[in-house]
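This is the structure, below, for whatever I ask next.
Because only heavy atoms are used, hydrogens play no part in the values below, and waters and symmetry mates are left out as well, while side chains stay in. These numbers were taken from a predicted model, which means no experiment stands behind them.
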Amino acid sequence: MTIPSLAPRLALAAAALAGAVSVSAQTPVTVEVVDEVVALVNGQMISRSELERQVTIQVERLGIPDDPTVIEDLRRQVLNGMVDNTLILQVAAQRGMRVPDRYFEEWKQETMKEMNVPDEEEFIRQVRLQGSSMEELRKQFSEGVLISEIRRQDIEERVTISEPEIEQRYGENIEDFVRAPQVRLAELVVHVGEAGEADARRRIGEAQALIASGTDFAEVARVRSESDSAESGGDLGLFQLDELDDVFRQVVEGLEPGGVSEPLRIGESFYVLQLASRTEESTIGLDEVRNQIAESLYAEKLQNEMERFVRDLRENAIVEIRLEPVPGTP
C-alpha cells in the first residue's frame, strides 16, 4: 500500500531530517566500539554502531560538552528514541506502508537546490563528508516520512482544541498576558569627527534649536542625523524600559510624551532623544493571543497523545535493552 496524499508533507519530512546533510568539510567524531546489539525490539536489532552514529549527530547538533556522564545520559535518551521509532516503523510495516522512490528524488533535488549544490556528484560527496551514504540517507528519509504519516493518522487527527479550552487557559494564566509599559523612541545622532568635539557640539546644537523652534523632530532627524535611523526620521521603535541602557532609561523616565532630551555625549557621538509615546501596563486581549494559546494547547495535547501512543506500543511489545556503558564512562 502506498501512503495516500503524502506529497504535500514532503517538506515536513525534509524538516525532520534537517541537519542530516549540510555543506561542511568537518569529519564527524567517531567512537571505536565492537558492533554489538544494544536493544531488541520485537526481535529487531538495534546495533551499537547505529546508536553511536545517532549519538554523534546529536552531540554535534546540540553542542554537547565532552563530558562522559552527560554523553552517557544522552546515549540512553537516544536509544529510547530509537526504540520508540522502531516500534512506530513496525506499525507502518504491518500496514504495508511504503514511501515511493520518487518522493526521495524530489526531496533530494529540492535539498540540492537549497544547498546550492551544482550536481548529484557533489551532493554525494557532501553526504560522504558527513560520514553517511546515499543508501543511509534514503533510509533515514523513508523512515522519517513513515513516522510522520503514522503520527498524522494515529495522533494528529485525534487532537482537537475547543474555544472553551482556549478561554479557560487564558483565564487561568491571565498574568502571563500582561503587556509591560513601553516607550517609543526616536534619536538624532551627531558623531565627533575629524573636525573635533566643538564642531560636533555646534551641529547637535543647531539641530536642537530647529526642534525647539517647532520643526518636526522626524524632519530634522532625516536631514541632520548621522545614524542609520535618519531615513526613518530617527524612529527606533518600541522598548520596555528595562531593555534600555541605564543612561537612556534615566533620560526617558524624565520625559513626557513628545519631549526631547538635552544632548547626551556617549562615546564618540552626541544623542538627542525624543519620547514619541508611552503606554501603560495593560492586559493583552484574548483575540490577540487566541492563536498562540491554541498552538500551545495543541502542542501539549500532541505530546501527551504521542507519549500515550508509544506507551501502548511498548506495553504490547517485547523490548530488551542490552546497553552497557562505553568503556571509560561511569
Q: Report yes if the side chains of R184 and F239 come closer than 4.5 Å at any heavy-atom pair, otherwise no.
A: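 When only atoms from C-beta onward are counted, F239 and R184 do not touch, as no gap falls below 4.5 Å.
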Q) In terms of side-chain geometry, is the basic nitrogen of K301 or E305 positioned less than 4.0 Å from the acidic oxygen of its partner? A)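 Not counted as a salt bridge, because no side-chain N and carboxylate O are separated by less than 4.0 Å.
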**Q.** Shortest non-hydrogen contact from L241 toward R249
**A.**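 Smallest heavy-atom distance, with atoms named: O-CD, 3.3 Å.
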Q: Take L286 and F177 through the side-chain contact (heavy atoms from CB on, under 4.5 Å) test and state the conclusion after the steps.
A: CA-CA 9 Å; L286 177 58; F177 304 108; over 6 Å; no
(Q) Under a 3.5 Å threshold, yes or no: a donor from one side chain and an acceptor from the other, between S229 and S227? (A)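 S229 vs S227: donor-acceptor pair found between side chains.
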(Q) Assess whether a salt bridge exists between E156 and R151, defined as any Lys/Arg side-chain N lying under 4.0 Å from an Asp/Glu carboxylate O. (A)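 Answer for the salt bridge query: yes.
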Q) With a 4.5 Å limit on heavy-atom distance, are the side chains of F270 and V192 in contact? A)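 Result yes, sub-4.5 Å side-chain heavy-atom pair found.
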**Q.** Pairing residues for I147 by the side-chain contact (heavy atoms from CB on, under 4.5 Å) criterion, not counting sequence neighbours
**A.**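 Scan of I147 (side-chain contact (heavy atoms from CB on, under 4.5 Å), adjacent residues dropped) gives N85, I88, L89.
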**Q.** Pairs touching residues 240-268 that satisfy ring pair (Phe, Tyr, Trp, His ring centres under 6.0 Å), sequence neighbours left out
**A.**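 Qualifying pairs, neighbours excluded: F248-Y271.
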Q | Distance (rounded to the nearest 0.5 Å) between E268 CD and E197 CD | A |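 Taking CD in E268 and CD in E197, the distance rounds to 8.5 Å.
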(Q) What I'd like to find out is whether the side chain of Y298 reaches to under 4.5 Å of the side chain of T160, using heavy atoms alone. (A)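 SC-SC contact between Y298 and T160 ruled out.
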Q.
Taking V272 as the starting point, is it possible to reach V183 by hopping between hydrophobic residues whose side chains are less than 4.5 Å apart?
A.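 Different hydrophobic clusters.
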Q: Verify side-chain contact (heavy atoms from CB on, under 4.5 Å) between E50 and M82, making sure each step is shown before the conclusion.
A: CA-CA 9 Å; E50 290 176 300; M82 293 176 73; 4.0 Å; yes
Q.
Test of understanding: with side-chain hydrogen bond (donor to acceptor under 3.5 Å, both in side chains), list the residues that count as partners of K108, not counting sequence neighbours.
A.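 Partners of K108 under the side-chain hydrogen bond (donor to acceptor under 3.5 Å, both in side chains) test: E105, E120.
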Q: Count the heavy atoms belonging to other residues, nucleotides or ligands that lie under 6.0 Å from CD of E163, then report whether that count exceeds 12.
A: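 Counting neighbours around CD of E163, more than 12 heavy atoms of other residues, nucleotides or ligands fall under 6.0 Å, so yes.
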Q: Grab the two heavy atoms, one from S296 and one from R169, that are nearest each other, plus how far apart they are.
A: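 Of all heavy-atom pairs spanning S296 and R169, the closest is OG-NH1, 4.0 Å.
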**Q.** D245 atom CG, neighbour heavy-atom count above 12 within 6.0 Å
**A.**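 Yes.
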Q: Could you tell me whether the side chain of I293 reaches within less than 4.5 Å of the side chain of E167, counting heavy atoms only?
A: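 Answer no - side chains too far apart.
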Q | Salt-bridge criterion met for E135 and R138 (N-O under 4.0 Å) | A |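 Answer for the salt bridge query: no.
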Q.
Just so I know, are the side chains of L137 and F104 near enough to count as touching, which here means a heavy-atom distance under 4.5 Å?
A.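 L137 vs F104: side chains touch.
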Q) Mind checking what makes side-chain contact (heavy atoms from CB on, under 4.5 Å) contact with I174, not counting sequence neighbours? A)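 With neighbours one apart ignored, the set is Y170, T283.
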Q: Mark yes when over 12 heavy atoms from residues, nucleotides or ligands other than D242 sit less than 6.0 Å from its CG; otherwise mark no.
A: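 Check passes, neighbour count above 12.
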Q: Carefully, step by step, assess Q54 and Q58 under the rule side-chain hydrogen bond (donor to acceptor under 3.5 Å, both in side chains).
A: CA-CA 6 Å; Q54 294 305 315; Q58 293 304 316; 5.2 Å; no
Q | Interatomic spacing from CZ in R290 to CD1 in I161 - rounded to 0.5 Å | A |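 Between R290 CZ and I161 CD1, I get 13.5 Å after rounding to 0.5 Å.
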Q) Can I166 be reached from I284 by stepping across I, L, V, M, F, W or Y side chains whose heavy atoms are under 4.5 Å apart? A)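 Yes, because I284 and I166 connect within a single hydrophobic cluster, where side-chain heavy atoms sit under 4.5 Å apart.
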Q) How long is the gap from CE on M97 to OG on S142, to the nearest 0.5 Å? A)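 Rounded to the nearest 0.5 Å, the CE-OG separation comes out at 11.5 Å.
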Q.
Treating E206 as the side-chain partner and R203 as the backbone partner, does any N or O pair qualify as donor plus acceptor under 3.5 Å?
A.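 A pair under 3.5 Å: no.
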Q | Salt bridge E52-R48, side-chain N to carboxylate O under 4.0 Å | A |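 Between R48 and E52 there is a salt bridge, with a charged N closer than 4.0 Å to a carboxylate O.
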Q. E157 and Q153: side-chain donor and acceptor closer than 3.5 Å?
A.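 Side chains of E157 and Q153: no pair found under 3.5 Å.
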Q: May I ask you to say whether D119 pairs ionically with R125, meaning some side-chain N is under 4.0 Å from a carboxylate O?
A: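 The answer is no: the pair does not qualify as a salt bridge.
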Q.
Could you measure the distance from the CG atom of N316 to the CZ atom of R311? Nearest 0.5 Å is fine.
A.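 It comes to 12.0 Å.
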Q | Hydrophobic cluster identity match, V83 and I155, side-chain contacts under 4.5 Å | A |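 Yes, it is one cluster - the side chains of V83 and I155 are joined through contacts under 4.5 Å.
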Q.
Could you walk me through whether E114 and T111 satisfy the side-chain hydrogen bond (donor to acceptor under 3.5 Å, both in side chains) test, starting with their C-alpha distance in whole Å, then the side-chain angles of each, then the deciding distance to 0.1 Å, before giving a yes or no?
A. CA-CA 5 Å; E114 291 174 3; T111 302; 5.2 Å; no
Q. Heavy-atom distance under 4.5 Å between the side chains of L188 and V190, does that happen here?
A.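 A side-chain contact exists here, since the closest heavy-atom pair is under 4.5 Å.
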(Q) Do I321 and V41 land in one hydrophobic cluster if side-chain heavy atoms of ILVMFWY residues count as linked below 4.5 Å? (A)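 In one cluster with I321: V41, yes.
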(Q) R322: which residues meet the side-chain contact (heavy atoms from CB on, under 4.5 Å) condition with it, sequence neighbours left out? (A)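 side-chain contact (heavy atoms from CB on, under 4.5 Å) check on R322 returns V37, L40, E320.
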Q. How long is the gap from CG on L74 to CG on L79, to the nearest 0.5 Å?
A.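 The distance works out to 11.0 Å.
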(Q) side-chain hydrogen bond (donor to acceptor under 3.5 Å, both in side chains), that's the test. Do Q94 and Q90 meet it? Break it down for me. (A) CA-CA 6 Å; Q94 290 166 6; Q90 288 175 352; 5.5 Å; no
Q | Main-chain N/O of H191 paired to E226 side chain as donor or acceptor, under 3.5 Å | A |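 Such a contact is found between E226 side chain and H191 backbone.
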Q) Would you say T215's side chain and L210's backbone share a donor-acceptor pair under 3.5 angstrom? A)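 Yes, T215 side chain to L210 backbone: donor-acceptor pair under 3.5 Å.
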Can you give each donor-acceptor pair under 3.5 Å made by side-chain atoms of residues 251-262, sequence neighbours left out, with the distance rounded to 0.1 Å?
residue: S261; atom: OG; partner: L273; partner atom: N; Å: 2.9
residue: E262; atom: OE1; partner: Q208; partner atom: NE2; Å: 3.2

Q | M45 atom CE, neighbour heavy-atom count above 12 within 6.0 Å | A |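 Counting neighbours around CE of M45, 12 or fewer heavy atoms of other residues, nucleotides or ligands fall under 6.0 Å, so no.
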Q) Does R179 come within less than 4.0 Å of E288, counting only side-chain N to carboxylate O? A)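 Yes, charged N to carboxylate O under 4.0 Å.
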Q. What's the spacing between L302 CG and E307 CD if we round to 0.5 Å?
A.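 Going from CG on L302 over to CD on E307, the span is 10.5 Å.
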Q | Within-4.5 Å side-chain heavy-atom neighbours: E187 and Q274 | A |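 Side chain of E187 against side chain of Q274, heavy atoms only: no contact under 4.5 Å found.
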Q | E72 and R76 ion-paired at < 4.0 Å | A |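 Yes.
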**Q.** ILVMFWY network linking L236 to I204, side-chain heavy atoms under 4.5 angstrom
**A.**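 Different clusters.
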**Q.** N/O donor-acceptor pair under 3.5 Å between S225 side chain and G234 backbone
**A.**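 The answer is no, because no donor-acceptor pair under 3.5 Å joins these two groups.
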**Q.** L87, V319, T86 screened by side-chain contact (heavy atoms from CB on, under 4.5 Å) with N42, the one that passes
**A.**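 Among L87, V319, T86, the one meeting side-chain contact (heavy atoms from CB on, under 4.5 Å) with N42 is L87.
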Q. Got a sec: does the CD1 of I318 have more than 12 other heavy atoms crowding it under 6.0 Å?
A.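 No, not enclosed.
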(Q) Hydrogens and angles aside, do Q130 and Q126 bring a side-chain donor and acceptor to less than 3.5 Å of each other? (A)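 There is no such pair (donor and acceptor under 3.5 Å, judged by atom type) between the side chains of Q130 and Q126.
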Q. Would a distance-only check, ignoring hydrogens and angles, find a side-chain to backbone donor-acceptor pair under 3.5 Å from E110 to W107?
A.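 Pair absent, no side-chain N/O of E110 close to backbone of W107.
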Q) Would you say R314 and N80 make side-chain contact, with heavy atoms under 4.5 Å? A)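 Counting from C-beta outward, R314 and N80 do come under 4.5 Å.
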(Q) On a heavy-atom basis, which atom in Q182 and which in L238 lie closest, and how many Å separate them? (A)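 What the structure gives for the nearest pair is OE1-CD1, 4.1 Å.
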Q: Check G233 against A186 and note the closest heavy-atom contact, atom names and distance.
A: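 Closest pair (atom of G233, atom of A186, distance): O-CB, 4.3 Å.
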